[in-house]
Amino acid sequence: MRVDVSEIFEILNEPQRNAVTSESKNLLVLAGAGSGKTRVIAHRVAWLIKAENINPHSILTVTFTNKASREMRGRIEDIVQEEMGNFWCGTFHGISHRLLRTHWEEAGLRKEFAILDSEDQYRVIKRVVKSMGLDDTKWPPRQIQWFINKQKDECRRSKDVEVADDYFAEKMTEVYKVYEELCERESLVDFGELLLRVYILLKSNEEVLKHYQRRFSHILVDEFQDTNEVQYQFLRLLADGGACFMSVGDDDQSIYGWRGAKSENINRFTTDYKNTEIIRLEQNYRSTSVILNAANAVIKNNQGRMGKELWTDQKEGEPISIYSAYNEDDEARYVVGSIQNWVNQGRSLDEVAILYRSNAQSRVLEEAILRESLPYKIYGGLRFYERAEIKNAMSYLRLLYGREDDAAFERVINIPPRGIGAKTIDIIRAKAAEKNISLWKACEELIDVEGLAARASQSIQGFMSSFNTLESDTRDLPLKDLVDMAIERSGLIEYHKKEAGEKGRTRVENLSELVGAARDFEPDSFDELEESALKMFIDHAALDAGETQASEHESAIQLMTLHSAKGLEFPLVFITGFEEGLFPHKLSIEDPNQLQEERRLCYVGMTRSMEKLYVTHAEMRNLYGSENFNPASRFLREIPDELTVEVRTGGNVSRTSKTSSSRVSGEVPDTNFKLGQRVVHEAFGEGVILNYEGEGANARVEVNFDTSTTKWLMVAYAKLQNI
DNA sequence: TAAAGTGAGGTTTTT
DNA sequence: CCTCACTTTA
């Protein structure tokens, strides 16, 4: 039966249509910012189903974030007008998880294996470091966690790590090994492990591999430039069965190289898969031509691009406003003033985004917004399932599901406080280690032999028996009531109620929101697996930490880092802190590759803007307690002058400042020195004047010497010479 | 068991 | 300089 698919076509341009209907076995779509990349994937899936009569069951669509995967599924279902329960559309991690739940046995896991989120993983690693007798100030668990994850991203087990004479790598690999053994023993799977284990499963198990190779006739991958090694290899194994493989990405928007993403995977795709058809989506539907041309001009400075130039038939639009602020307060004031102008023109606040390179910059901006009592929403805090009170409640649920969950046990054994201190826990841990059993079992044994202080013992018995009653009381209850009862009995609500002020109240609110989340929880079509709702809820919480903030649908200014702005669009965008050392960040300036990534980040930031873009920088910025005089970002010079307009000072924003106006010129009053001046000192050598206070005979200057020491010196005594 | 003190660290983040 | 994690202390 032929289905009318004209609707699929109507809204697509030619390259988009070519991508959607391509019959090539291997297809690479280079999709520029705002060129309709999600639309192309969604329509292609719809096309395959409606026009080519491909069973949704045979299609695999992979994205990076849960949000993207939800959006994708939603859009596809909108087009095909039906729900597709058996269609696999998910994140790499979600899909891997699903495969492991199905093939736990072949993968060498217990049926009830638990997922460690990064905080759980951190705690486990910390415990491992301690148990190995290592000093955790010398061996920071964070760094080891990073190391281990990096190895896993690169498909390396501890035995595969090449340490090559590097003492640190050697030691960290040892920790990796012990961590590996612990996870094996307790059947714990961290995020990296989900992928690595699936990769190893497919690679070593012919039967499972063949099954999925036969099943998936079409594989579609979004944001291909963000794939890391293990993800690439995983896809490769699946596609090697002869599936049609479409990857969509943009090398110019690769901003996650620092966490293992390899944008080379785009090039690699074309060499690994012969006769790959390449389609470029270069028409941008988002931004004015001014913004687009500026972004193009900036990204042109990068080497080794796949080649792509965005164009638009939209109007030219307003020039980009450049503002050189006196300091960061002035910058923030200017931004807020401009937003008020926007509002006065009848525009709305949720059309506005303020972007910055690093989170620390948000505070000054936040304060300026607060002063004008404008509503704002800041991205980047803890997400729902990452909050302490929620993790505590989830630990109760995890323990209810499986008493062997040590991570959960440790978390809640003394929360709320029940008189079980560090000593008692040490005894329990020692027992568990000695007998190689879980903490829960160790408690049972210790109680039997009276190996604990009477009070602690009693308290633990109470704690443990409460789980047994809870279990029998919640059997056959729907998930929502189960969660409700578990939280009620945990004592967490009472505990947080006692907390002072606002904090305790929001925590109690969050706990009841968790009950709400349980009520609304729909297992994402895991139906073929016989898994309890509770377990699915627990896994869901680990794999999808939820939104950054509870969504208030009030109109608000959006504040976020350039990284988190990727994929979003706003009519009005501010990019702040456009300064050397901040953006590009000082840690990225030396390495050409990292510098190129910074430039891509700039490109991403600029292309977020639909109508109007502001770029601001501060001549002076307080950083780590001292004043910095950063030159404007090199990216600013890469924007053609004819596309910009310099905002004159004394306009809508005043330059008021606590310090005297002479500071603007940078001259140290009644001396021969000025800020930024190079000077030489008899003992310390050459340096640059960073700051000053006082004047004339009392003037002191702060000099940053080339030996990279900074000193405050009295001008009257220091015998500084101008160079 | 919470409050006060100490010390390190300060780029970007998803799963 | 400010924040955060962690330790010490009343």
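Numbers restart at 1 for each chain; the letters A, B, ... are given by sequence-line order, proteins then strands. Note that the structure is predicted; figures quoted are calculated from it, not measured.
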Figure out the [atom1]/[atom2] separation between [X] and [N], and round it to whole Å.
{"X": "A:K67", "N": "B:dT13", "atom1": "NZ", "atom2": "C1'", "result": "14 Å"}
{"X": "A:Y379", "N": "B:dT12", "atom1": "OH", "atom2": "C1'", "result": "17 Å"}
{"X": "A:N66", "N": "B:dT15", "atom1": "CG", "atom2": "C1'", "result": "7 Å"}
{"X": "A:D544", "N": "B:dT13", "atom1": "CG", "atom2": "C1'", "result": "15 Å"}
{"X": "A:F64", "N": "B:dT12", "atom1": "CZ", "atom2": "C1'", "result": "16 Å"}
{"X": "A:K150", "N": "B:dT15", "atom1": "NZ", "atom2": "C1'", "result": "19 Å"}
{"X": "A:K586", "N": "B:dT12", "atom1": "NZ", "atom2": "P", "result": "11 Å"}
{"X": "A:D226", "N": "B:dT12", "atom1": "CG", "atom2": "C1'", "result": "13 Å"}

With distance as the sole criterion, do the side chain of A:S118 and the base of B:dT15 form a donor-acceptor contact below 3.5 Å? yes
Run the side-chain contact (heavy atoms from CB on, under 4.5 Å) test against A:A33 and tell me which residues pass, sequence neighbours left out. A:Q253, A:R286, A:L310, A:T607, A:R608
Pairwise N/O distances under 3.5 Å, protein to nucleotides 1-6 of chain C:
| from | atom 1 | to | atom 2 | distance (Å) |
| --- | --- | --- | --- | --- |
| C:dC1 | O4' | A:G625 | N | 3.3 |
| C:dC2 | O3' | A:R363 | NH1 | 3.3 |
| C:dC6 | OP1 | A:K126 | NZ | 2.5 |

Taking for each residue the nucleotide of DNA chain B with the nearest heavy atom, is it A:G419 or A:E598 whose nucleotide lies nearer the 5' end? A:G419
Residue whose closest nucleotide on DNA chain B lies nearer the 5' end, A:H93 versus A:S588: A:S588
Among all residues two or more places apart in sequence or in another chain, which pass the side-chain hydrogen bond (donor to acceptor under 3.5 Å, both in side chains) test with A:E71? none
Are a donor atom and an acceptor atom from the side chains of [X] and [Y] found within less than 3.5 Å of each other?
{"X": "A:Q361", "Y": "A:S358", "answer": "yes"}
{"X": "A:Q145", "Y": "A:Q143", "answer": "no"}
{"X": "A:E366", "Y": "A:Y376", "answer": "yes"}
{"X": "A:Q121", "Y": "A:N149", "answer": "yes"}

Short side-chain N/O contact to B:dT13 OP1/OP2 from A:S564, under 4.0 Å: yes
Distance below 4.0 Å between A:N359 side-chain N/O and B:dT12 OP1 or OP2: yes
Any idea which of B:dT12, B:dT15, B:dT1 is nearest the A:H563 side chain? B:dT12
In whole Å, measure the gap between the P atoms of C:dT3 and B:dT14 for me. 22 Å
Would you say the base of B:dT11 stacks on A:H585 (centre-to-centre below 5.5 Å, plane angle below 30°)? yes
Between B:dT14 and A:Y256, is there a base-stacking contact, meaning the centre of the base's six-membered ring lies under 5.5 Å from the residue's ring centre while the planes stay under 30° apart? no
Could you check whether any side-chain heavy atom of A:R634 comes within less than 4.5 Å of a side-chain heavy atom of A:P584, counting everything from C-beta outward? yes
Would you indicate what A:L543 reaches in the nucleic acid, counting non-hydrogen atoms under 4.0 angstrom: base, sugar-phosphate, or nothing? sugar-phosphate
Looking only at heavy atoms, the pair that brings A:V298 and A:C602 closest together is CG1-SG, 4.1 Å
